[in-house]
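This report refers to the structure that appears directly beneath it.
As the structure is a prediction and not an experimental result, all values here were calculated from the model. All heavy atoms count here, side chains included; hydrogens, waters and symmetry mates do not.
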Amino acid sequence: MNQTEVINKKKGTTMKKIGKIILKTLGIIAILLALFITIVFIYNVISSKVEQGKIETYGQLIPVDGKHMNVVMEGKGEETVVLLPGLGTVAPGIDFKPLIKELSPFYKVVVIEPFGYGLSDVTEKERSTANIVSEIHQDLQSLQIDRYILMGHSISGIYGIDYVNKYANEVSAFIGIDSSVPTQSGTDVEIPTQLIKLLQKSGFARLQVELSANPYDSLPYDDKSKEQIKFLAYKNNANPSVLNEMKQVRSNFKEAEKLIFPKNLPVLLFVQANVDPTIMPNWIPLHEDQVKDSAHGKVILLEGGHNLHHTKSKELVESFREFMKK
């Protein structure tokens, strides 16, 4: 064996050793990764079971379509305001607390928690606008409420415009809280519901939440409310009803494109003044266009985030009351 062959043999032996080390290292990494995934999954299962026992009841359960829909009622005013939540609001009855506080001295306030939200049951029925609107109406009929102001946040602008056309004889006004508009951009993007479901079931959605700052920390909610919202978030995020509603977003917006608010219906739209135009172009003009043909229509701009009721409830209710007086 000459010198060149000896060198090549040594190189070959070295490469084999390096290869074995790499394979061993990759094997250890794979084992540790599998262990981490297992721990996250088990932690999520155990935590979910513990939290179920810590969720406190609020409101009252109303029979609707063979299920139970939770409703929160406060205030004793002569007029009734019905509050409808945005998409995926985990606990509307708690989330709307700042707004309920400002409304309840003057109105009877009814917060609807649709199926899959708050303490309401999950349903197998498609989350089409038609089904959601019908269920809300059944709920109000069961409560013997037949005259009311509809106040909707975010996607409830889509359900609301359908609702006021179907039950025009019952709704005395529609109030939007940064409410969705049928022709807004981004509604044709498919929401990755399968990925959301996987993250929820695996426990990684919980991990992400626990490693992130609580968005309610700087808001006017007591510690107990914040804790309950957190428990209900783990319970309701990615439940079958919410996931199905996400799947229906595109078709629900498409169906609403042909709808307009009844001309004689008072319509007041509170709109986020500082919305990022790269995220939601023409946000303010879209709302102005919705009320331009209304005999009693108005747009009011408020500085704040999409959830205007979290930080601007006082200003919102003052402007709302003034609008209704006129």
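The backbone N or O of Leu199 sits nowhere less than 3.5 Å from a side-chain atom of Arg206 that would complete a donor-acceptor pair. With Asp178 contributing its side chain and Gln272 its backbone, the two residues share a donor-acceptor pair below 3.5 Å. Panel note: side chain Asn244, backbone Pro240; no donor-acceptor pair is recorded below 3.5 Å. Remark: the backbone N or O of Pro85 is paired with a side-chain donor or acceptor of Ser156 at under 3.5 angstrom. When atom types are taken as modelled, the side chain of Ser47 and the backbone of Asn44 share no donor-acceptor pair closer than 3.5 angstrom. Of the possible polar contacts, none joining the Tyr107 side chain to the Glu78 backbone as a donor-acceptor pair under 3.5 Å is found.
Residues Ile229 and Tyr216 meet the side-chain proximity criterion, which asks for heavy atoms closer than 4.5 Å. In this structure, the side chains of Asp188 and Phe253 stay at 4.5 Å or more apart for every pair of heavy atoms. Using a 4.5 Å cut-off on side-chain heavy atoms (C-beta onward), His306 and Ser154 make contact. With a 4.5 Å cut-off on side-chain heavy atoms, Met151 and Leu99 count as touching. A 4.5 Å side-chain heavy-atom check between Pro182 and Ile158 finds at least one atom pair inside the cut-off. Using a 4.5 Å heavy-atom threshold, the side chains of Ser142 and Pro63 count as separate. Side-chain contact between Asp121 and Thr123 is absent, with no heavy atoms from C-beta onward closer than 4.5 Å. Put simply, the side chain of Gln138 reaches to within 4.5 Å of the side chain of Ser134, judged on heavy atoms.
Using cut-offs of 30° and 60° for the angle between ring planes, the Phe96 and His309 rings count as tilted. Relative ring orientation between Tyr221 and His310 is described as perpendicular, the plane-to-plane angle rising above 60° on a 0-90° scale split at 30° and 60°. By the 30° and 60° cut-offs, the orientation of the rings of Trp283 relative to His287 is perpendicular.
More than 12 heavy atoms of other shown residues, nucleotides or ligands fall within 6.0 angstrom of atom NZ in Lys258. More than 12 heavy atoms of other residues, nucleotides or ligands sit less than 6.0 Å from atom CD of Glu170. Shown here is Ile300, whose CD1 atom has more than 12 heavy atoms of other residues, nucleotides or ligands within 6.0 Å. In Lys76, the NZ atom is not crowded: 12 or fewer heavy atoms of neighbouring residues, nucleotides or ligands sit closer than 6.0 Å.
Across every non-hydrogen atom of Ile149 and Ser172, the tightest pair is CG1-OG, 3.3 Å. Contact between Asp293 and Lys263 at its shortest, heavy atoms only, is O-CG, 3.3 Å. When all heavy atoms are compared, the tightest approach of Leu232 to Gly118 is CD2-O, 3.7 Å. Taking all atoms of both residues into account, the shortest heavy-atom contact from Ile155 to Val249 is CD1-CG2, 4.2 Å. Listed here is the closest heavy atom pair of Lys226 and Leu219: CE-O, 4.1 Å. Residue Leu87 comes nearest to Met246 through the heavy atom pair CD2-CG, 4.4 Å, listed as atom of the first residue, atom of the second, then distance.
Within the model, atoms CG of Asp65 and NZ of Lys125 stand 4.0 Å from one another, a figure rounded to the nearest 0.5 Å. His296 NE2 to Asn264 CG: the interatomic distance, rounded to the nearest 0.5 Å, is 6.0 Å. In this structure, the separation between CG on Leu143 and CE on Met69 is 10.5 Å, given to the nearest 0.5 Å. The line from CD1 of Ile284 to CG of Leu301 is 4.5 Å long, rounded to the nearest 0.5 Å. Atom CD1 of Ile94 and atom NZ of Lys230 lie 14.0 Å apart (nearest 0.5 Å). Atom-to-atom distance recorded for Ser202:OG and Ile37:CD1 is 8.5 Å, nearest 0.5 angstrom.
Checked for salt-bridge contact, Glu322 and Lys298 miss the test: no charged N lies under 4.0 Å from a carboxylate O. With respect to Glu135 and Arg127, a salt bridge is recorded, a charged nitrogen being found less than 4.0 Å from a carboxylate O. In summary, Glu124 and Lys67 engage in a salt bridge, as defined by a charged side-chain N under 4.0 Å from a carboxylate O. Using a 4.0 Å cut-off between charged nitrogen and carboxylate oxygen, Glu227 and Lys224 do not count as a salt-bridge pair.
In the hydrophobic clustering of this structure, Val82 does not group with Leu119; members are Ile, Leu, Val, Met, Phe, Trp, Tyr whose side-chain heavy atoms approach within less than 4.5 Å, directly or through other members. At a threshold of 4.5 Å between side-chain heavy atoms, the hydrophobic network of Ile, Leu, Val, Met, Phe, Trp and Tyr places Val242 and Val90 in two separate groups. Note on Leu84: it does not cluster hydrophobically with Val181, by side-chain heavy-atom contacts below 4.5 Å among ILVMFWY residues. Hydrophobic clustering places Leu211 together with Phe204 (ILVMFWY residues linked when any side-chain heavy atoms are closer than 4.5 Å, directly or through intermediates). With hydrophobic clusters built from ILVMFWY side chains whose heavy atoms lie under 4.5 angstrom apart, Leu103 shares a cluster with Leu268.
Residues Ser313 and Lys101 have side chains that never bring a donor and an acceptor to within less than 3.5 angstrom of each other.
Taking the six-membered ring where the residue is Trp, the centroids of Phe106 and Phe320 are separated by 6.0 Å or more.
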